[in-house]
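One structure is given below, encoded as structure tokens.
Atom set for the values below is all heavy atoms of this structure, side chains included, hydrogens, waters and symmetry mates excluded.
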Amino acid sequence: MNFDDLPTMRSETEAETMPERDAASCLTEAGKVLLRWAETIGTRDVDAVLALYAPDAILVPTMSDDVRGREDDRRAYFESFLASERIRCGITVQKKRVSRKLGTVVIGGLYTFTMLKDGRDEVVPARFLFTFEEIGGRWLITGHHSSKAIEAV
């Protein structure tokens with residue numbers, strides 16, 4: 001199967017009215033959202049984190065085995081995850097790509113969470129894969145998979 005031959009989800013009218021984007025600008029905008037996400041994790045503001053996700057985003061979180069496809073489920077996860085004091089996230093982006101036809105950006109890499117546990121900083125190395133799309137004029141996270149790294153980061 002050749003995925004380039006599959007139809008897009010946009011109607012012809014939508015496609016005609018959408019501004020042309022180049023790959024570099026898509027990658028830049030999605031990269032900004034990723035950095036904002038990491039910074040926002042450190043604020044522990046659940047609403048601000050959730051605002052970066054599309055309403056139908058899929059979250060496969062680092063510290064849970066549950067796949068979360070509804071905002072209520074994402075909220076419950078982040079309320080628990082961000083309860084840790086002094087949580088921080090440092091990102092090392094590994095690979096980026098953009099679908100020129102669909103405008104979907106994929107960024108995968110490694111990040112390290114540092115959080116207070118039992119009075120000491122605990123470091124949790126993890127890997128991630130985010131997808132981003134421009135929806136209603138805003139770049140949002142449409143998919144986020146994260147898992148603890150098996151090897152030391």
Side-chain angles (χ1 to χ4, degrees), residues 1-11 14-15 18-19 21-84 87-115 117 122-151 153:
M1 173 183 281
N2 184 349
F3 290 103
D4 291 334
D5 295 334
L6 293 176
T8 66
M9 298 299 287
R10 297 184 182 109
S11 69
E14 287 175 314
M18 288 187 64
R21 307 183 195 132
D22 61 47
S25 67
C26 291
L27 290 169
T28 297
E29 293 307 312
K32 288 178 186 178
V33 177
L34 178 59
L35 292 176
R36 190 172 323 122
W37 180 89
E39 292 168 359
T40 306
I41 289 295
T43 69
R44 300 175 56 212
D45 183 340
V46 174
D47 289 325
V49 171
L50 292 174
L52 299 173
Y53 287 83
D56 61 347
I58 297 170
L59 171 65
V60 182
T62 313
M63 309 297 264
S64 170
D65 291 333
D66 294 332
V67 176
R68 296 156 193 261
R70 297 180 345 189
E71 184 168 349
D72 294 358
D73 297 331
R74 288 188 301 273
R75 176 176 295 282
Y77 173 73
F78 281 114
E79 285 175 349
S80 173
F81 183 66
L82 297 178
S84 174
I87 189 165
R88 296 181 311 277
C89 178
I91 293 182
T92 304
V93 174
Q94 297 290 322
K95 302 287 181 188
K96 300 186 262 187
R97 72 171 300 279
V98 63
S99 164
R100 287 181 184 87
K101 278 188 175 180
L102 301 178
T104 300
V105 174
V106 179
I107 303 177
L110 304 172
Y111 47 21
T112 302
F113 296 103
T114 305
M115 56 191 77
K117 185 173 182 179
E122 177 183 2
V123 176
V124 179
R127 54 191 171 219
F128 66 84
L129 186 69
F130 281 89
T131 59
F132 303 86
E133 293 178 32
E134 186 178 20
I135 300 171
R138 292 183 56 220
W139 280 89
L140 297 170
I141 299 165
T142 55
H144 175 190
H145 178 271
S146 179
S147 57
K148 290 183 182 178
I150 296 170
E151 302 171 2
V153 177

Would you compute the distance between atom [atom1] of [X] and atom [atom2] of [Y] and round it to the nearest 0.5 angstrom?
| X | Y | atom1 | atom2 | answer |
| --- | --- | --- | --- | --- |
| Cys26 | Phe132 | SG | CZ | 12.5 Å |
| Leu50 | Glu79 | CG | CD | 8.0 Å |
| Ile58 | His145 | CD1 | NE2 | 11.5 Å |

Do you know which two heavy atoms are closest between [X] and [Y], and how far apart they sit?
| X | Y | result |
| --- | --- | --- |
| Ser84 | Met115 | OG-CB, 2.9 Å |
| Ser146 | Ala126 | OG-CB, 4.1 Å |
| Val93 | Lys96 | CG1-CG, 3.8 Å |
| Asp66 | Pro61 | O-CD, 3.2 Å |
| Ala54 | Ile135 | CB-CD1, 3.8 Å |
| Arg74 | Pro55 | NH2-O, 3.0 Å |

Between [X] and [Y], is any pair of side-chain heavy atoms under 4.5 Å apart?
| X | Y | answer |
| --- | --- | --- |
| Leu82 | Ile87 | yes |
| Phe130 | Val33 | no |
| Pro125 | Lys148 | no |
| Leu52 | Thr40 | yes |
| Phe113 | Thr62 | yes |

Carefully, step by step, assess Ile91 and Phe128 under the rule side chain to side chain contact (heavy atoms under 4.5 Å, CB included). CA-CA 10 Å; Ile91 293 182; Phe128 66 84; 4.0 Å; yes

Would Leu110 and Gln94 count as a side chain to side chain contact (heavy atoms under 4.5 Å, CB included) here? Give the steps. CA-CA 7 Å; Leu110 304 172; Gln94 297 290 322; 3.8 Å; yes

Got a donor-acceptor contact below 3.5 angstrom from the Arg127 side chain to the Gly108 backbone? no

Between Tyr77 (side chain only) and Met63 (backbone N and O only), is there a donor and an acceptor less than 3.5 Å apart? yes

Taking only residues at least two apart or on different chains, which pairs with a member in residues 41-58 satisfy side-chain hydrogen bond (donor to acceptor under 3.5 Å, both in side chains)? Trp37-Tyr53, Asp47-Arg75, Tyr53-His144

Modelled atom types, side-chain donor and acceptor of Thr142 and Thr131, under 3.5 Å: yes

Given Leu34 and Ile141, is the side chain to side chain contact (heavy atoms under 4.5 Å, CB included) satisfied, shown in steps? CA-CA 8 Å; Leu34 178 59; Ile141 299 165; over 6 Å; no

Using side chain to side chain contact (heavy atoms under 4.5 Å, CB included), reason through Lys95 and Ile107 one step at a time and then give a plain yes or no. CA-CA 6 Å; Lys95 302 287 181 188; Ile107 303 177; over 6 Å; no

Ionic contact status for Lys32 with Glu29, cut-off 4.0 Å: yes

Evaluate whether atom CG of Leu27 has more than 12 neighbouring non-hydrogen atoms of other residues, nucleotides or ligands under 6.0 angstrom away. yes

